[in-house]
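What you see is a predicted model; the values in this text were computed from it and never measured.
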Amino acid sequence: MKVRQGAPGAKILALGHYQPSNVVTNDDLAATMETNDEWIQSRVGIKERRVALDSESEIDLAVQAGGKALAASGLAASDIDLVIVATCTLETQIPNASARVAVRLGIESPGAFDVNTACSGFCYALAVADNAIRTGSATNVLVIGTEKLSQWIDWTDRSTAVIFADGAGAAVVGPSQTPGIGPVVWGSAGDKAEAIMIKDRDSSLSQEGQTVFRWATTALHPVAKQVCEAAGVDPADLAAFVPHQANLRIIEAIARKIGAENAVVAKDIVLAGNTSAASIPLALSRMVERGEVQSGGLALLLGFGAGLTYAGQVVEIP
């Protein structure tokens, strides 16, 4: 990747993920609403998803994923000086998630804040971590995407209940002699903000599926190409393409248009559902765990969703 002159590098040192043990299949949903396995798979590509127990919070999920990433990094909790949590599903807005996660992981007195750009949140948070390290504001950063979407879903509404799920993914980001995180390309389309929303604290998540689908399949592949250009990477040289796991048809449409014919395309949505800010780190961590991609290869990350917001960067796979 391009070296940014005069700036130290940062890279992902390790990944971790966590999914609730409770599996909800399409047949399970068909027993409670008018839908079926064929209908769900043909429209969004999902076979099953994980749903947290009432006793499991988005904080619990984040602690599990963050703890695994920290253990895999070989760093001690005392080495982390910044914690960033990307989430849009906190049950309560105060206190934030990051400070609560940090104290449960034994990380003392770090900088701690949350990012809410929904499904693009992990990429936004990763960019901030990269910038913090390169400018000297932090040395090692724990970045977590965590969501408990199930607590904001109307489980009688098949337009959302069949899509969204729970989970968490995390990355430990540290200094590097050479850059392992490329420049971020980010932006928004606020004129479409109401396409995905929770109207108020008494409402469930709603989505204008066709609006989101048209936007994602027309506006985002140029962004993906810009991300590669910013990093100085030919899409043909990518080892992996890890987009937000929104919809299998969207993933496949973007993948076809960017020219990454040699990349393994993350399709975690099939068994994990749409986990918003958790989906990219969760998918990448699972790809690494299964040995589908090798350390040192380049992965294109592309987050997009509510806001509407988007962000992406090329990263070196840990």
Side-chain angles (χ1 to χ4, degrees), residues 1 9-20 50 58 60-77 79-80 82-87 98 101-102 105 107 115 119-130 132-133 138 140-147 166-176 179-182 184 238-245 263-269 271-272 275-303 311-318:
M1 283 188 284
K11 69 177 182 179
I12 297 175
L13 304 178
L15 298 161
H17 66 274
Y18 177 76
Q19 293 178 282
R50 303 294 184 95
E58 61 281 354
D60 295 326
L61 306 184
V63 168
Q64 290 286 345
K68 290 179 180 179
L70 184 57
S73 74
L75 299 178
D79 294 321
I80 303 296
L82 177 60
V83 177
I84 309 173
V85 173
T87 185
S98 53
V101 171
L105 290 173
I107 302 170
V115 171
C119 307
S120 64
F122 179 80
C123 290
Y124 270 80
L126 185 63
V128 174
D130 174 43
I133 291 171
N140 295 297
V141 185
L142 177 60
V143 181
I144 304 172
T146 185
E147 304 287 13
D166 304 332
V172 174
V173 183
S176 172
I181 300 173
V184 68
L238 292 169
F241 174 43
V242 189
H244 164 51
Q245 301 294 289
V264 177
V265 179
K267 298 180 180 180
D268 209 50
I269 188 170
L271 299 179
T275 56
S276 190
S279 76
I280 287 175
L282 176 60
L284 181 58
S285 181
R286 280 164 51 87
M287 290 173 78
V288 171
E289 182 180 73
R290 293 191 298 259
E292 294 176 356
V293 290
Q294 300 301 311
S295 176
L298 298 178
L300 168 61
L301 312 183
L302 182 66
Q313 58 268 96
V314 174
V315 304
E316 182 178 310
I317 299 167

(request) Output, in order, the C-alpha distance, side-chain angles, deciding distance and verdict of side chain to side chain contact (heavy atoms under 4.5 Å, CB included) for Ile80 and Val172. (result) CA-CA 9 Å; Ile80 303 296; Val172 174; 4.2 Å; yes
(message) Suppose we screen for ring-ring contact (aromatic ring centres under 6.0 Å, His included). Which residues come up paired with Tyr124, at least two apart in sequence or across chains?
(response) Trp186
Once you round to the nearest 0.5 Å, how far does [atom1] of [X] lie from [atom2] of [Y]?
| X | Y | atom1 | atom2 | result |
| --- | --- | --- | --- | --- |
| Cys119 | Ile280 | SG | CD1 | 9.0 Å |
| Asp79 | Leu13 | CG | CG | 10.5 Å |
| Ile84 | Phe122 | CD1 | CZ | 10.0 Å |
| Ser176 | Asp130 | OG | CG | 10.5 Å |
| His17 | Ser279 | NE2 | OG | 13.5 Å |
| Leu282 | Tyr18 | CG | OH | 12.0 Å |

(message) Between Asp166 and Arg50 (salt bridge meaning N to carboxylate O under 4.0 Å), is one present in this structure?
(response) no
Heavy-atom closest contact ([X] atom, [Y] atom, distance):
| X | Y | result |
| --- | --- | --- |
| Ala77 | Leu70 | CA-CD2, 4.0 Å |
| Val141 | Ala129 | CG1-CB, 3.7 Å |
| Ile133 | Gly9 | CG2-O, 4.0 Å |
| Pro243 | Ala266 | CD-O, 4.3 Å |
| Val184 | Ala311 | CG2-CB, 4.3 Å |
| Val85 | Val101 | CG2-CG2, 4.4 Å |

(request) Take Leu15 and Ile317 through the side chain to side chain contact (heavy atoms under 4.5 Å, CB included) test and state the conclusion after the steps. (result) CA-CA 9 Å; Leu15 298 161; Ile317 299 167; 5.7 Å; no
Counting only N and O atoms by type, is there a donor-acceptor contact under 3.5 Å from the side chain of [X] to the main-chain atoms of [Y]?
| X | Y | answer |
| --- | --- | --- |
| Thr146 | Glu58 | yes |
| Gln64 | Gly167 | no |
| Gln245 | Ile269 | yes |
| Gln313 | Cys123 | yes |

(request) I would like to know whether Leu126 and Val128 meet side chain to side chain contact (heavy atoms under 4.5 Å, CB included); could you show each step before the answer? (result) CA-CA 5 Å; Leu126 185 63; Val128 174; over 6 Å; no
(request) Check the pair Met287, Val242 against side chain to side chain contact (heavy atoms under 4.5 Å, CB included), reporting the backbone distance first and the verdict last. (result) CA-CA 9 Å; Met287 290 173 78; Val242 189; 3.9 Å; yes
Donor-acceptor pairs under 3.5 angstrom involving side-chain atoms of residues 291-300: please list them, not counting sequence neighbours.
{"from": "Glu292", "atom 1": "OE1", "to": "Arg290", "atom 2": "NH2", "distance (Å)": "3.4"}
{"from": "Glu292", "atom 1": "OE2", "to": "Arg290", "atom 2": "NE", "distance (Å)": "2.8"}
{"from": "Glu292", "atom 1": "OE2", "to": "Arg290", "atom 2": "NH2", "distance (Å)": "3.4"}

(message) Does Lys68 have more than 12 heavy atoms from other residues, nucleotides or ligands lying within 6.0 Å of its NZ?
(response) yes
(message) Any heavy-atom pair between the side chains of Leu301 and Phe241 that's under 4.5 Å?
(response) no
(request) Determine whether the side chains of Glu147 and Ser276 contain a donor N or O and an acceptor N or O closer than 3.5 Å. (result) yes
